[in-house]
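Read through the structure below, which is laid out as structure tokens, and then see the notes.
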Amino acid sequence: MTSISSASPYRVLGPVISIAELAKTRPGMVIPATQAEIAEEKLYHEQFQARLDAIGHYTEQHPDKVYAQVIVDSKVVATVYESGSANTRDRISRLTENGSGLDLAKKRLEDILREVKGKVIYSDFLPSPGWRRGGDTGLGLCDLPEGDGAFADAAGAPGE
């Protein structure tokens, strides 16, 4: 038997044997992979990496990705997204319509700052106006009390 040292916090209970040692002591238990199996495994990893890359691209290009927020008195008064869309708490007389993407987002942020004097943040964003943690109860799942009928108690009785 071989011992394995590790910094892992998980302990191994029972005997530990390496694949190489197992192949020597019990040759029928370890067999080499065929070229077809190796090619299939390689293809799987290539496809998996392609999916990860696609997810990363989607995340970077997502229309709800916040570009900046305008803060007045510790409250979000406007949120501008990298897609160019903008949400404002107050009515802004005119937002630029020309452009798209980040260029439009920058122009719209300038439009908002002409009318609203606030601080612009580009990271560590605050919840936007209208943001809620849960559904109709205003509670998230972690906020619901435990026990029989807890959800009904939190949401209110039907017809109320």
Side-chain angles (χ1 to χ4, degrees), residues 1-71 74-89 99-109 112 118-158:
M1 296 283 172
T2 304
S3 72
I4 298 176
S5 353
S6 170
S8 172
Y10 303 106
R11 294 185 324 158
V12 175
L13 302 175
V16 175
I17 189 166
S18 72
I19 299 292
E21 189 174 332
L22 185 61
K24 290 177 192 169
T25 58
R26 297 188 181 169
M29 291 197 66
V30 179
I31 56 172
T34 65
Q35 287 301 317
E37 291 169 329
I38 293 170
E40 183 179 346
E41 186 70 15
K42 182 180 177 195
L43 178 62
Y44 168 80
H45 286 289
E46 289 170 357
Q47 291 173 339
F48 187 80
Q49 187 60 49
R51 284 192 295 278
L52 287 178
D53 294 343
I55 291 168
H57 177 73
Y58 173 78
T59 303
E60 287 300 314
Q61 301 300 320
H62 195 275
D64 287 341
K65 189 171 178 189
V66 176
Y67 168 65
Q69 287 182 323
V70 179
I71 311 296
S74 300
K75 293 181 183 169
V76 178
V77 296
T79 301
V80 180
Y81 299 91
E82 287 189 7
S83 63
S85 64
N87 290 332
T88 61
R89 192 177 76 179
S100 64
L102 198 53
D103 289 334
L104 180 59
K106 290 176 182 179
K107 291 175 188 174
R108 287 188 166 180
L109 181 59
I112 292 167
K119 176 184 170 189
V120 179
I121 59 172
Y122 295 94
S123 62
D124 300 323
F125 300 114
L126 302 173
S128 295
W131 177 83
R132 289 178 61 158
R133 288 183 7 192
D136 293 337
T137 64
L139 300 172
L141 289 177
C142 294
D143 298 325
L144 294 176
E146 295 182 20
D148 291 337
F151 183 74
D153 293 342

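As a basis for the values below, the full set of heavy atoms in this structure was taken, side chains included, without hydrogen atoms, waters or symmetry mates.
Listed here is the closest heavy atom pair of Leu109 and Ala68: CD2-CB, 3.9 Å. Nearest heavy-atom pair across Phe125 and Tyr67 is CZ-O, 3.8 Å. Across Leu126 and Ser74, no two heavy atoms sit closer than the pair CD1-O, 4.4 Å.
For Thr34, the side chain to side chain donor-acceptor pair (under 3.5 Å) partners at least two apart in sequence or on another chain are Glu37. Not counting sequence neighbours, the partners of Lys107 by the side-chain contact (heavy atoms from CB on, under 4.5 Å) test are Thr96.
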Quick one: side chains of residues 41-52, donor-acceptor pairs under 3.5 Å with protein atoms, not counting sequence neighbours, listed by atom name and distance.
unit_1: Glu41; atom_1: OE2; unit_2: His45; atom_2: NE2; d: 2.8
unit_1: Gln49; atom_1: NE2; unit_2: Asp53; atom_2: OD1; d: 3.0

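Atom CG of Asn87 is separated from atom CD of Gln69 by 10.0 Å, given to the nearest 0.5 angstrom. The NZ atom of Lys65 sits 9.5 Å away from the CG atom of Leu102 when rounded to the nearest 0.5 Å. Here the CD1-OG1 distance, from Ile121 to Thr79, works out to 8.5 Å after rounding to the nearest 0.5 Å.
In terms of modelled atom types and a separation under 3.5 Å, the side chain of Thr25 and the main chain of Glu21 share a donor-acceptor contact.
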Q. Yes or no on side-chain contact (heavy atoms from CB on, under 4.5 Å) for Ile19 and Val30, after CA distance, side-chain angles and deciding distance?
A. CA-CA 8 Å; Ile19 299 292; Val30 179; 4.1 Å; yes

Q | Derivation of the side-chain contact (heavy atoms from CB on, under 4.5 Å) call for Val80 and Ile112 | A | CA-CA 9 Å; Val80 180; Ile112 292 167; 3.8 Å; yes

